J.: 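Please see the structure below; I have some questions.
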Amino acid sequence: QVQLVESGGGSVQPGGSLRLSCVASGSISEVGDMGWYRQVPGKERELVATITSRGSTYTPDSVKGRFTISRDNAKNAVNLQMNSLKSEDTAVYYCTARVSGRRNGIWSNEKFDYWGQGTRVIVTS
């Protein structure tokens, strides 16, 4: 079984910084693209950042210049450095990854999407 676990969330004042981490573990053959999403109650889950297996990154305008995504392939990890945080950044943040490995007791080269449990970020004075 494959699982993703996020850490690093918390409460911070506007203008502050947080660093989120996510580690994939379990019966893994290969980890492909990874990313971060965030969600506020009553709203659609929003893409925050993505990084490919080759290290190419993308961030939308809402966080561009403030958030930086990175990965550590040796640790099957993805990180999100968040600077200059604003109140509108308040949300539950989820990491996601495309992973091949053992699923339902069967090893396969097919990659499936996995999600972490989420970590809360609160930006308030």
Side-chain angles (χ1 to χ4, degrees):
Q1 193 73 23
V2 176
Q3 61 181 354
L4 274 60
V5 179
E6 302 104 332
S7 62
S11 181
V12 65
Q13 295 183 350
S17 298
L18 285 173
R19 183 175 178 85
L20 307 183
S21 296
C22 173
V23 179
S25 62
S27 302
I28 297 172
S29 293
E30 183 178 2
V31 179
D33 296 351
M34 308 181 81
W36 289 91
Y37 287 73
R38 65 187 181 188
Q39 189 166 30
V40 176
K43 294 186 177 181
E44 294 288 324
R45 188 167 295 188
E46 175 190 15
L47 177 67
V48 174
T50 60
I51 184 166
T52 70
S53 60
R54 288 184 170 271
S56 297
T57 62
Y58 166 81
T59 50
D61 290 342
S62 59
V63 305
K64 194 178 298 293
R66 300 187 299 119
F67 292 10
T68 302
I69 188 171
S70 61
R71 67 190 291 160
D72 185 338
N73 292 331
K75 298 179 179 179
N76 293 325
V78 61
N79 304 307
L80 185 69
Q81 178 66 47
M82 304 185 294
N83 299 326
S84 301
L85 284 163
K86 307 174 181 179
S87 60
E88 52 262 44
D89 295 319
T90 296
V92 177
Y93 284 70
Y94 299 88
C95 69
T96 185
R98 304 201 71 202
V99 183
S100 64
R102 189 169 66 180
R103 183 180 177 90
N104 295 325
I106 303 174
W107 286 92
S108 175
N109 292 326
E110 181 181 6
K111 290 186 173 65
F112 295 88
D113 292 334
Y114 290 87
W115 292 85
Q117 82 286 352
T119 186
R120 183 188 302 121
V121 171
I122 301 175
V123 185
T124 181
S125 60

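The shown structure was predicted, so the numbers you read here are calculated from the model rather than taken from an experiment. Position 1 is the first residue of the sequence; numbering continues from there.
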J.: How would you list, by chain and number, every residue that makes a side chain to side chain contact (heavy atoms under 4.5 Å, CB included) with S84, sequence neighbours excluded?
T.: R66
J.: For Y94, check ring-ring contact (aromatic ring centres under 6.0 Å, His included) against everything at least two apart and list the hits.
T.: none
J.: Would you please name every residue forming a side chain to side chain donor-acceptor pair (under 3.5 Å) with Q3, sequence neighbours left out?
T.: none
J.: Mind checking side chain to side chain donor-acceptor pair (under 3.5 Å) for R98 and listing every partner two or more places apart, or none if nothing turns up?
T.: D113
J.: Can I get a per-line list of side-chain donor-acceptor pairs under 3.5 Å for residues 15-28, giving both atom names and the distance, sequence neighbours left out?
T.:
residue	atom	partner	partner atom	Å
S17	OG	N83	OD1	2.9
R19	NH1	Q81	OE1	3.4
S21	OG	N79	OD1	3.0
S27	OG	R102	NH2	3.4

J.: Could you tell me which residues satisfy side chain to side chain donor-acceptor pair (under 3.5 Å) with Y37, sequence neighbours excluded, listed by chain and number?
T.: none
J.: Can you give each donor-acceptor pair under 3.5 Å made by side-chain atoms of residues 117-125, sequence neighbours left out, with the distance rounded to 0.1 Å?
T.:
residue	atom	partner	partner atom	Å
Q117	NE2	E6	O	3.4
Q117	NE2	E6	OE1	3.3
T119	OG1	G9	N	3.3

J.: Got a sec, which residues hit side chain to side chain contact (heavy atoms under 4.5 Å, CB included) with N73, two or more places apart in sequence or on another chain?
T.: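 Applying side chain to side chain contact (heavy atoms under 4.5 Å, CB included) to N73 gives R71.
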J.: Check each of V78, V99, L4 against V31 using the side chain to side chain contact (heavy atoms under 4.5 Å, CB included) test, and report the only one that passes.
T.: V99
J.: E88: which residues meet the side chain to side chain contact (heavy atoms under 4.5 Å, CB included) condition with it, sequence neighbours left out?
T.: K86
J.: Mark yes when over 12 heavy atoms from residues, nucleotides or ligands other than K64 sit less than 6.0 Å from its NZ; otherwise mark no.
T.: yes
J.: Count the heavy atoms of every other residue, nucleotide or ligand shown that sit under 6.0 Å from CD of Q39, and state whether that count exceeds 12.
T.: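 Check passes, neighbour count above 12.
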J.: Nearest 0.5 angstrom please: Y114 OH to C95 SG, how far?
T.: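 One finds 13.5 Å between OH of Y114 and SG of C95.
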J.: A side-chain contact here means heavy atoms from C-beta on lying under 4.5 Å apart; do V2 and F112 qualify?
T.: no
J.: Treat each ILVMFWY residue as a node, draw an edge where side-chain heavy atoms are under 4.5 Å apart, and state whether V12 and F67 are in one component.
T.: yes
J.: Suppose the criterion is salt bridge (charged side-chain N to carboxylate O under 4.0 Å, His left out): which pairs have a residue in residues 26-55, not counting sequence neighbours?
T.: E30-K111, R38-E46, R38-D89
J.: Go through the structure and list residues passing side chain to side chain contact (heavy atoms under 4.5 Å, CB included) with A49, not counting sequence neighbours.
T.: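 A49 satisfies side chain to side chain contact (heavy atoms under 4.5 Å, CB included) with T59, I69, L80 only.
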J.: Which disulfide bond (SG atoms under 2.5 Å apart) pairs, counting each pair once, include a residue from residues 30-65, with sequence neighbours left out?
T.: none
